[in-house]
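A quick write-up on the structure given underneath.
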Amino acid sequence: MELRLYNTLTRQKELLTPIHPGEVRMYHCGPTVYQRPHIGNYRAFLFADLLRRVLELAGYQVLQVMNLTDVGHLVDDAEEGDDKLEAQARRDQLDPWQIVERVSAAFFADMEALAVKPAHVYPRATDHIVEMVAMVERLLEQGHAYRVGDNVYFDVHSFPNYGKLSGNRIEELEAGARLEINSEKKHPADFALWKSDAKHLMKWDTVFGPDGFPGWHIECSAMARKYLGDHFDIHTGGEDNVFPHHECEIAQSESVLEGPFVNLWMHTKFLQVDGGKMGKSLGNAYTLDDLSKRGFSPLDYRFLMMRGSYRNPLNFTWQALQGATEARRNLNDFRSRLAAEAGVTLVDLDSLHVDSAVNRTRLAFQAALSDDLNTSEALAALFVLRNSFIHGKLAAAEYSAALALLAEADDVFGFLDPVIAGGLTDAAIEQLLVARTEARAAKDFARADAIREELSAAHITLEDTADGLKWYRG
RNA sequence: GGCGACGUGGCCGAAUGGCUCAGGCACGUGAUUGCAAAUCACGUUAACCCGGUUCGAUUCCGGGCGUCGCCUCCA
């Protein structure tokens, strides 16, 4: 299974050829842990999870790193020295470190609820000050950076390729509407590697002075290098990261390394809400709790995210989420109905007859994912299989294989409900069904419904079909 | 001012220079029913606007309008 992935750097789909055969190493820009991430943030993290799962499906061994930014990024102008973490700390009258712990815990709980496979490392910026300082020192030695007092800046003119990721040109950045006035920088486009401010709460005593903290971009360069090596395969983030964050990472890292840094850059488009932007001030920066208040599970949201392309904006509406919920339920039911009839045969999907319906679905599924993670089309393939089952066009002999394929698909999508083990025995169920039939015959519908509720609570679904009563687990 | 993206039926959305625009949801009619739920059958609805290229454009090019991202931390 070969993968073709869209590279922001080259603006085209490229065949993935890992640096180390059989192994893919990747880095994802994670959350800034000053506030619980909203569903828009999770779009990017769900993408990272999807990518990892597809890579694993394709047989690669994956090393996945997602950072937690737990040190302040400046909110206003550099002079204010105010960062999001510290501002939040002031609002909550908490220590910034406490905020970090609280939000990180919420983040990991959300990720688990979303069925995200944990990355192999979640490094925190504040645990890697030493690595960052070393990198900044090296840039100074190389002449890529310069000091002004206790601050250190990267000299963008020292890196000829500055702008290659975003398409920005240094001259245009300078001519931009948002001029930096009164800066100590040599050039407005130069960016901070290390800053100092005695008023900062999170600060470190280093060779650059007693009150320093890292610049906005150096943390990812330093941590990626530590855990993934100098040159690795994939780096992802939201579209907002392209510039300046990833552009600056490239400048720093390729300067220090004097060689390549990342082969493939991938970026997710933003989630929109009701056709417009999402924002706290707009009141539509929903969290998973907001969804659950309306009766939706995190997996419903996960499913919704898989229905569109990560490279296109996705419009979140409650109606769309409702639609995703119903669709997900139908796929769950499909699995249950197959399970009720398939028996327990184990199927090796690799040995299916090439022309079998399940094998054709599998090929379509994999081909879609291989083409820059076309989840929409991959999902459609599963529904086509479901349709042929419903229309009686899927041979009973293929039920076990179909079930196995659904399991494989769910290894990638991860949105099906966990399979319930145990519960009522068949005999107990049959007994309840007899009681329900009697109640119905006696027009005691309240009792009949009560029995159905009881079965439903035990994850048994009933169908009064023309052929009689059917039931299945799920 | 500069860089980039998007605009498909009631909703969410793929693919695509012509062959039915996938799939899902919703909706309508019917079957089965307890004028319930679930299930099943059948069915309806499109491409922001204006030019251009082309035998032919939703798909390519240009312009307009709208939306989104970046140039300030941000998925």
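As the structure is a prediction and not an experimental result, all values here were calculated from the model. Every chain is numbered from 1, with letters handed out A, B, ... down the list of sequences. All values below come from the heavy atoms of this structure, side chains included, with hydrogens, waters and symmetry mates left out.
- Nearest nucleotide to the Arg440(A) side chain, out of rG34(B), rC11(B), rA75(B): rG34(B).
- Counting only residues at least two apart or on different chains, the side-chain hydrogen bond (donor to acceptor under 3.5 Å, both in side chains) pairs with a member in residues 104-119 of chain A are Arg36(A)-Asp110(A), Tyr42(A)-Asp110(A), Glu56(A)-Lys117(A).
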Please tabulate, for side-chain N and O atoms in residues 267-275 of chain A, each donor-acceptor pair with protein atoms closer than 3.5 Å (sequence neighbours left out).
unit_1: His267(A); atom_1: ND1; unit_2: Thr8(A); atom_2: OG1; d: 2.7
unit_1: His267(A); atom_1: NE2; unit_2: His246(A); atom_2: ND1; d: 2.8
unit_1: Gln272(A); atom_1: NE2; unit_2: Gly275(A); atom_2: O; d: 3.3

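- With hydrogens and angles ignored, a donor-acceptor pair closer than 3.5 Å exists between the side chain of Asp449(A) and the base of rG34(B).
- Here the nucleotide nearest the side chain of Ile390(A), chosen from rC40(B), rA75(B), rG23(B), is rC40(B).
- Ring centroids of His217(A) and Phe191(A) are separated by less than 6.0 Å, placing the two rings close together.
- Residues of residues 370-381 of chain A having a heavy atom closer than 4.0 Å to RNA chain B, listed by number: Asn374(A), Ser376(A), Glu377(A), Ala380(A).
- Only Gly275(A), Gly276(A), Lys277(A), Met278(A), listed by number, bring a heavy atom of residues 274-292 of chain A to less than 4.0 angstrom from any atom of RNA chain B.
- Remark: the Arg452(A) side chain and the rA36(B) base include a donor-acceptor N/O pair separated by less than 3.5 Å.
- Between Phe270(A) and rA75(B), a base-stacking contact is recorded: ring centres under 5.5 Å apart, planes less than 30° from parallel.
- Side-chain proximity of Glu172(A) to rC25(B), rG2(B), rC40(B): nearest is rG2(B).
- In RNA chain B, runs of at least 3 stacked Watson-Crick or G-U pairs (N1-N3 plus N6-O4 or O6-N4, or N1-O2 plus O6-N3, all under 3.5 Å) give these stems: B:1-7 with B:65-71, B:10-12 with B:23-25, B:27-31 with B:39-43, B:48-52 with B:60-64.
- Annotation: Glu2(A), atom CD; neighbour count of heavy atoms from other residues, nucleotides and ligands within 6.0 Å does not exceed 12.
- For Glu326(A), the salt bridge (charged side-chain N to carboxylate O under 4.0 Å, His left out) partners two or more places apart in sequence, or in a different chain, are Arg329(A).
- The phosphate of rA75(B) (OP1 or OP2) has no side-chain N or O of Arg36(A) nearer than 4.0 angstrom.
- The base of rG13(B) lies outside donor-acceptor range of the side chain of Arg307(A), with no N or O pair under 3.5 Å.
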